[in-house]
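These numbers come from a predicted model, not from an experiment.
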Amino acid sequence: MFIVIATVSAALIAGAAWGLWGRLSDRTEGFLIAMAGGALIVSVMLEMVVPASDHLPLWALSLAIGLGAGLFTFADARVSADNESGGTGLLLAITFDGIPENLALGVALIGTTAPEVAALAGSILLSNLPEAAGGAKRMREAGMSRTRVMTLWALTTALLAVAAVVGNLALSGLDDTWLAAIRAFAAGAVTASLATEVFPPAFREEHYPTGIAVTLGLIVAFALTTLA
């Protein structure tokens with residue numbers, strides 16, 4: 001469990017630092033974010049929707065997914081109404097996706113073998129690192145100070161780490177139906193974020209190679225999943 005939590009934390013903090021102080025061209029940012037989107041497609045289906053469908057009827061699964069997508073879209077629209085919110089949408093996307101996902105993740109890690117932990121940690125690193133880099137870079141370009149940007153990402157990282165620990169220690173006895181609902185909600189949030197915060201800016205920066213980047217991210221994430 002602690003390996004995965006450390007990976008989540010390291011990926012977000014390192015990504016934010018890279019976006020603020022590293023050399024990250026717009027085209028590189030677009031390519032990496034598109035790769036993260038491809039990885040998240042795999043995560044949504046194999047780690048959220050499919051496990052949730054084992055414990056929820058189709059109507060309940062659809063309702064939970066729709067609720068996650070609706071709440072993320074509402075919050076994202078409110079954030080985007082602020083002219084200084086550049087990049088905050090990706091931070092919001094990671095938070096909306098991460099909290100319910102990490103709650104379920106903490107439970108899923110109970111009894112998990114070392115290869116499964118390693119594969120899961122790799123998938124998380126692949127998706128979170130470029131998203132954090134791109135989000136932090138845009139927040140800085142929107143006028144936020146580096147200190148404020150890093151503080152926001154550090155707080156988000158701490159929140160997600162706590163969610164994983166709570167899931168592992170406090171929700172291990174939770175009914176499978178509720179865990180399925182948590183996963184489905186996360187699936188809706190991350191799907192909406194792909195449509196509004198991941199693929200559009202990736203295409204704007206990288207243009208048509210975005211399709212290659214998305215496909216590469218999907219292949220790598222699926223390969224990591226099969227290793228588990």
Side-chain angles (χ1 to χ4, degrees), residues 4 8 12 33-80 88-110 119-120 123-124 126-128 130-132 135 156 159-160 162-164 166-168 170-203 210 214-215 217-219 221-222 224-226 228:
V4 175
V8 172
L12 291 177
I33 290 178
M35 276 191 63
L40 285 171
I41 292 174
V42 175
S43 177
V44 165
M45 293 307 300
L46 297 186
E47 297 174 16
M48 300 182 210
V49 175
V50 173
S53 68
D54 292 336
H55 303 284
L56 292 175
L58 180 59
W59 69 266
L61 179 70
S62 302
L63 180 62
I65 292 173
L67 182 61
L71 287 178
F72 171 80
T73 301
F74 173 76
D76 193 26
R78 293 294 299 270
V79 168
S80 297
T88 312
L90 275 176
L91 178 66
L92 185 68
I94 291 175
T95 304
F96 261 72
D97 164 44
I99 291 177
E101 183 183 10
N102 280 19
L103 284 171
L105 172 64
V107 177
L109 288 175
I110 298 173
L120 184 55
S123 295
I124 291 172
L126 179 64
S127 61
N128 282 357
E131 282 193 305
T156 300
L159 182 62
L160 297 186
V162 169
V166 169
N168 188 266
L171 301 183
S172 58
L174 193 66
D175 184 78
D176 287 339
T177 300
W178 284 106
L179 290 177
I182 290 173
R183 282 193 170 96
F185 177 91
V190 72
T191 301
S193 75
L194 287 173
T196 59
E197 295 294 339
V198 177
F199 294 139
F203 182 80
T210 299
V214 172
T215 304
L218 185 148
I219 292 172
F222 185 75
L224 289 171
T225 300
T226 59

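- Distance CG/Leu218 to CG/Leu40: 10.5 Å, rounded to 0.5 Å.
- Between Leu67 and Leu63 the shortest side-chain heavy-atom distance does not fall below 4.5 Å.
- Residue Phe222 places its CZ atom among 12 or fewer non-hydrogen atoms of other residues, nucleotides or ligands, all under 6.0 Å distant.
- When all heavy atoms of Ala192 and Phe72 are compared, the pair lying nearest together is CB-CD2, 3.6 Å.
- Atom CG of Asp176 is separated from atom CZ of Arg183 by 8.5 Å, given to the nearest 0.5 angstrom.
- Between the side chain of Thr210 and the backbone N or O of Ala34 there is no donor-acceptor pair closer than 3.5 Å.
- Across every non-hydrogen atom of Ala52 and Ala180, the tightest pair is CB-O, 3.3 Å.
- Among the candidates Val44, Thr191, Val49, Leu56, the single residue satisfying the side-chain contact (heavy atoms from CB on, under 4.5 Å) test with Ile65 is Val49.
- In plain terms, the two heavy atoms of Leu12 and Ala132 that are nearest each other are O-CB, 3.5 Å.
- For the atom pair CD1 (Ile219) and CE (Met35), the distance works out to 10.0 Å, reported to the nearest 0.5 Å.
- With contacts defined as side-chain heavy-atom distances shorter than 4.5 Å, the pair Ile41/Val214 qualifies.
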